[in-house]
Amino acid sequence: MSEGTQDRPGRISARPVPHPGRWVAIAVIAVLLAMMVSSFVTNPKWDFPFALQVMNFNPVLRGLMIGTIVGTIGSMVIGVVVGVIVGIMRLSTNPVLRGVSFVYTWFFRAIPRYVLLTILGTGLGYLYSTFDIGAPFGQQIAKALGLSSDLTFLSLDVNQFSSTLAMGVIGLGLSEAAYMAEIARAGIQSVDVGQQEAAQALGMSSGKTMRRVVLPQAMRVIIPPTGNETIAMVKDTSLLIALPVNTELFYQVSVIGSRTLKIMPTYVAATAWYLIVCSVLMVGQSFLERHFGRGFGVSSGDQQGLRARLLALRGGGGGM
């Protein structure tokens, strides 16, 4: 046996470090999960077959489609459009625009959505029974001059409109716009200023620079929180019961529960539909994040190439 063989250390018999706490935690979680499943199965008050029937009732499906899905889409469209405008106003050099956007976000972020919808559903009709569209101060001018017309072009009965889905969508959308304004502002500020300067050097206007250069790059930052806000909006449509809007999922299951005296099975049906809709939105959000995240970070192919170059440098070889 040569000296090199004698100096070589023997084979190391390595053993993994024991983690008894992990096994104890797994056992505790398994026992708790088994107890939970057992309570679901053995407690007849859950009445899962009836909950499945409630999920397929026509009023519930109609409330899901109109109040929940359509309400979410309409509220998010208003929230995103108004929010982006308010967010751009916050970044304006005009102090008036900055002040208006600050007051808007301050007000709607401070008011709970249930309180806002209650005010729109009941208080607004009490304060203003009709909403008139016409010449500014037309009624006062017509009264002072003794004109036969009060210069009003369109009159809307607020009490009839206040309990509709449209009013709920407007209320939720205006509230959402305050949060989307901050999200849009953060996304715009994440884009390097040099991008705007380069676009302006090419002769682009400020509006075109925002649409073609800044916002597409800001979407990488805007999409994740916007997806979270959309999922939250699906759940917040249950607050439309404050108006009240009867074409809404939670309203319909509440009526069925009160009529059948099976409260929990109807709530289980609503919970199941919320879980399904939010799960679909989460999948869609992941695809959008992947689409707008292209070109940022390191892809798998780049990681393999980088690993190969590092190994080559470690071995003392490898050219550029």
Side-chain angles (χ1 to χ4, degrees), residues 5-52 54-55 68 72 109 112-114 179 182-183 186-187 190 219-239 249-250 253 262-315:
T5 306
Q6 293 178 352
D7 295 338
R8 183 179 301 171
R11 182 178 180 181
I12 299 176
S13 179
R15 296 181 179 180
V17 179
H19 297 283
R22 295 181 181 178
W23 295 104
V24 172
I26 292 174
V28 171
I29 294 174
V31 171
L32 293 177
L33 183 61
M35 293 172 61
M36 186 180 300
V37 173
S38 176
S39 68
F40 289 159
V41 175
T42 58
N43 192 342
K45 294 182 180 179
W46 284 105
D47 201 351
F48 290 107
F50 181 72
L52 185 60
V54 173
M55 291 180 64
T68 302
T72 298
R109 289 173 66 185
R113 289 182 176 176
Y114 187 84
Y179 298 91
E182 295 300 296
I183 294 173
S190 68
M219 293 299 291
R220 177 179 60 91
V221 178
I222 293 175
I223 286 296
T226 302
N228 293 336
E229 290 295 320
T230 305
I231 293 173
M233 183 59 69
V234 173
K235 299 176 290 183
D236 287 343
T237 54
S238 62
L239 300 177
L249 174 62
F250 186 70
V253 297
K262 295 183 178 181
I263 304 299
M264 281 308 299
T266 56
Y267 288 170
V268 169
T271 302
W273 274 125
Y274 286 128
L275 288 174
I276 293 172
V277 174
C278 292
S279 299
V280 173
L281 290 176
M282 290 174 64
V283 174
Q285 177 184 347
S286 64
F287 280 105
L288 286 176
E289 290 181 7
R290 188 180 307 172
H291 173 75
F292 286 102
R294 292 179 303 178
F296 296 91
V298 182
S299 62
S300 59
D302 295 335
Q303 289 178 351
Q304 293 177 358
L306 179 61
R307 189 180 296 109
R309 290 193 295 270
L310 292 175
L311 290 176
L313 291 174
R314 181 179 179 184

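Predicted model, so just to flag it, every value in this text is computed and none were measured.
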Sequence neighbours excluded, every pair satisfying side-chain hydrogen bond (donor to acceptor under 3.5 Å, both in side chains) that has a member inside residues 223-237: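 Passing the test, one end in residues 223-237: R113-D236.
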For a quick test of reading the model, state the closest non-hydrogen atom pair linking [X] to [Y] and the distance between them.
X    : Y    : value
A51  : A269 : O-CB, 3.4 Å
V234 : V277 : CG1-CG1, 4.0 Å
L275 : S279 : O-OG, 2.6 Å
T42  : S38  : OG1-O, 2.6 Å
W273 : L249 : CB-CD2, 3.8 Å

Can you tell me if [X] uses its side chain to pair, donor with acceptor, with the backbone of [Y] under 3.5 Å?
X    : Y    : value
Q285 : I223 : no
T271 : Y267 : yes
S190 : G187 : yes

Stepwise side chain to side chain contact (heavy atoms under 4.5 Å, CB included) test for L281 and M233: CA-CA 11 Å; L281 290 176; M233 183 59 69; over 6 Å; no
Approximate separation, where rounding is to 0.5 Å, of F250 CZ and L239 CG: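 One finds 9.5 Å between CZ of F250 and CG of L239.
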Set of ring-ring contact (aromatic ring centres under 6.0 Å, His included) partners for Y114, sequence neighbours left out: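 ring-ring contact (aromatic ring centres under 6.0 Å, His included) list for Y114, sorted by chain: empty.
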Contact list for residues 20-52, test ring pair (Phe, Tyr, Trp, His ring centres under 6.0 Å), sequence neighbours left out: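 Sorted result for residues 20-52: F40-W46, W46-F48.
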